[in-house]
Amino acid sequence: MHLATWNVNSLSVRLPQVLDWLAAHPVDVLALQELKLTDDKFPADALARAGYTAAWFGQKTYNGVALLVRLPGAIAQVQRNIPGFDDGQARVIAATVLPATGAEPLRVISAYFPNGQAPGSDKFAYKLRWLQALRDWLALELARHPRLVLMGDFNITVDDADVWDPEGLRETIHCTGAERAALQALAELGLHDAFRLFPQPPRSFTWWDYRQLAFPKNQGLRIDHIWISDALKPLARACHIDRAPRKWKQPSDHAPVVLTLDDHAAPDAAAKRDHGAADPALA
DNA sequence: ATGACAACTATGAGTTGA
């Protein structure tokens with residue numbers, strides 16, 4: 001079973017790329033961020049024709065998140081934004097996902113963490129308040145749903161290995177101690193950075209500035225993450241960044257991140273494996 | 001020190017992102 005996250009920087013502009021990517025990589029769950037469209041503009045029909053059902057939470061111009069689930073999988077118990085945290089920005093969608101593979105249900109969250117602009121700014125204060133509310137809510141979610149995946153654009157580097165120029169960018173936005181401490185507080189709930197469970201190439205990033213030839217020079221940040229709960233950690237088999245869409249014409253500035261989970265509890269999937277069926281995802 | 005690039009709103013030039 002495969003789950004992925006991708007900040008598409010406008011779903012209206014990037015829909016053809018999302019459809020192309022899903023055709024080549026039919027993941028079971030795809031979390032999207034920065035839809036930049038209102039709910040009435042969400043391309044549910046085109047995604048359904050591509051074999052995906054969806055839950056979405058849009059907003060005009062900014063933000064917006066969605067969860068896509070490969071059919072005949074299903075989506076239930078949808079939650080939009082953090083309960084009890086008054087927020088005019090569409091940044092979180094959570095749902096219980098029944099995977100097409102027949103695996104046990106998962107609680108999946110697609111999140112677009114606030115950017116924060118600069119340390120000391122009002123937006124930075126909002127980012128830290130939002131992170132505290134996320135932590136408090138995730139504690140409850142984990143108690144209710146031990147099989148939990150939190151993925152999205154976290155807008156935070158976990159450590160200096162996630163930064164192309166750690167000295168030059170020290171204590172700048174995405175790299176501050178305050179932001180990283182908030183991530184550590186999430187980790188202490190029993191969540192794990194799936195990417196770092198496996199050996200990875202040095203200078204692995206998920207975002208590159210459009211300017212200054214940042215992508216060809218690999219001057220980026222790893223700010224898009226997939227974090228998994230204690231219960232799912234033993235099932236993780238691989239996690240990687242797919243840089244290919246960043247090379248396409250008119251790309252998002254973010255690349256997708258993909259997690260492979262062993263859905264051993266799925267009788268159907270196990271039967272298929274036993275009969276030697278090829279895994280279509282990530283072919 | 002500033003801007004670059006992209007998307008959006010609006011239909012100019014400004015805002016936001018990271």
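Just so it is clear, the structure is predicted and the values come from calculations on it, not from any experiment. Every chain is numbered from 1 and lettered A, B, ... according to where its sequence line falls, protein lines coming before strand lines.
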**OP:** Determine the contact category for A/Asp224: base if any of its heavy atoms lies under 4.0 Å from a base atom, sugar-phosphate if only primed atoms, P, OP1 or OP2 are that close, otherwise nothing.
**Re:** nothing
Subject >> Nearest-angstrom distance from the residue atom CH2 of A/Trp208 to C1' of B/dA6 >> reply: 16 Å
Original post:
When you measure from the side chain of A/Ile223, which nucleotide among B/dA4, B/dC5, B/dA18 comes out closest?
Top reply: B/dA18
Subject >> Side-chain N or O of A/Tyr62 closer than 4.0 Å to phosphate OP1/OP2 of B/dA6 >> reply: no
Original post:
When you check the phosphate oxygens OP1 and OP2 of B/dT9, does a side-chain N or O of A/Lys36 lie under 4.0 Å from one of them?
Top reply: no
**OP:** Please state whether the phosphate of B/dA7, meaning OP1 or OP2, lies under 4.0 angstrom from any side-chain nitrogen or oxygen of A/Gln250.
**Re:** yes
Original post:
Has A/Ser10 got a side-chain N or O lying under 4.0 Å from the OP1 or OP2 atom of B/dC8?
Top reply: yes
**OP:** Pick the C1' atom in B/dT11 and in B/dA1, then give their distance to the nearest Å.
**Re:** 32 Å
Original post:
Can you tell me if the side-chain N/O atoms of A/His254 get under 4.0 Å from OP1 or OP2 in B/dA18?
Top reply: yes
Subject >> For atom CG of A/Leu35 and atom P of B/dC8, their distance in whole Å >> reply: 11 Å
**OP:** Send over the distance from A/Leu15 CG to B/dA7 P, rounded to a whole Å.
**Re:** 14 Å
Subject >> From CA spacing to verdict: side chain to side chain donor-acceptor pair (under 3.5 Å), A/Lys123, A/Asn115 >> reply: CA-CA 8 Å; A/Lys123 289 176 181 174; A/Asn115 171 301; over 6 Å; no
**OP:** Provide, to the nearest angstrom, the distance between the CG atom belonging to A/Asp209 and the P atom belonging to B/dT16.
**Re:** 17 Å
Subject >> Pairwise 5' ranking along DNA chain B for A/Gln212 and A/Lys123, keeping only the more 5' one >> reply: A/Gln212
Subject >> d(CD, A/Glu179; C1', B/dA18) in whole Å >> reply: 11 Å
Original post:
Given B/dC5, is OP1 or OP2 found less than 4.0 Å from the side-chain N or O atoms of A/Asn9?
Top reply: no
Original post:
Under the side chain to side chain donor-acceptor pair (under 3.5 Å) criterion, do A/Asp28 and A/His2 qualify, and how do the steps go?
Top reply: CA-CA 5 Å; A/Asp28 295 281; A/His2 299 91; 4.6 Å; no
Subject >> Position toward the 5' end of DNA chain B (nearest nucleotide), A/Leu11 or A/Asn63 >> reply: A/Leu11
Original post:
In whole Å, what separates the P atom of B/dA13 from that of B/dT2?
Top reply: 22 Å
Subject >> Separation of B/dT9 C1' from A/Gln59 CD (nearest whole Å) >> reply: 14 Å
Original post:
Are A/Arg211 and B/dG17 close enough that a side-chain N or O sits under 4.0 Å from OP1 or OP2?
Top reply: no
Original post:
Between B/dT16, B/dA18, B/dA6, which one does the side chain of A/Tyr210 approach most closely?
Top reply: B/dA6
Subject >> Nearest-Å distance once atom P is located in both B/dA10 and B/dA6 >> reply: 23 Å
Original post:
Would A/Glu179 and A/Lys127 pass as an ion pair if we require N to O under 4.0 Å?
Top reply: yes
Original post:
If you measure from the Lys or Arg side-chain nitrogens to the Asp or Glu carboxylate oxygens, is any gap between A/Asp253 and A/Arg246 under 4.0 Å?
Top reply: no
**OP:** Applying side chain to side chain contact (heavy atoms under 4.5 Å, CB included) between A/Pro119 and each of A/Thr176, A/Leu128, A/Thr172, report the one that passes.
**Re:** A/Thr176
Subject >> B/dG3 and B/dG14, which share atom name P, separated by this distance in whole Å >> reply: 12 Å
Original post:
Name the one of A/Val29, A/Val257, A/Leu259, A/Asp153 that satisfies side chain to side chain contact (heavy atoms under 4.5 Å, CB included) with A/Thr5?
Top reply: A/Val257
Original post:
How is A/Phe113 classified with respect to the nucleic acid when contacts are heavy atoms under 4.0 Å: base, sugar-phosphate, or nothing?
Top reply: nothing
Original post:
How many Å lie between CD on A/Gln17 and C1' on B/dA6, as a whole number?
Top reply: 13 Å
**OP:** Quickly work out the A/Ile173 CD1 to B/dG17 C1' distance and round it to whole Å.
**Re:** 11 Å
**OP:** Looking at every strand, decide which applies to A/Asp253 at a 4.0 Å heavy-atom threshold: base, sugar-phosphate, or nothing.
**Re:** nothing
Original post:
So does A/Asn115 get a side-chain nitrogen or oxygen closer than 4.0 Å to the phosphate oxygens (OP1/OP2) of B/dA18?
Top reply: yes
Original post:
Think A/Arg222 forms a cation-pi with A/Phe205, using NZ or CZ under 6.0 Å from the six-ring centre and within 45 degrees of its axis?
Top reply: no
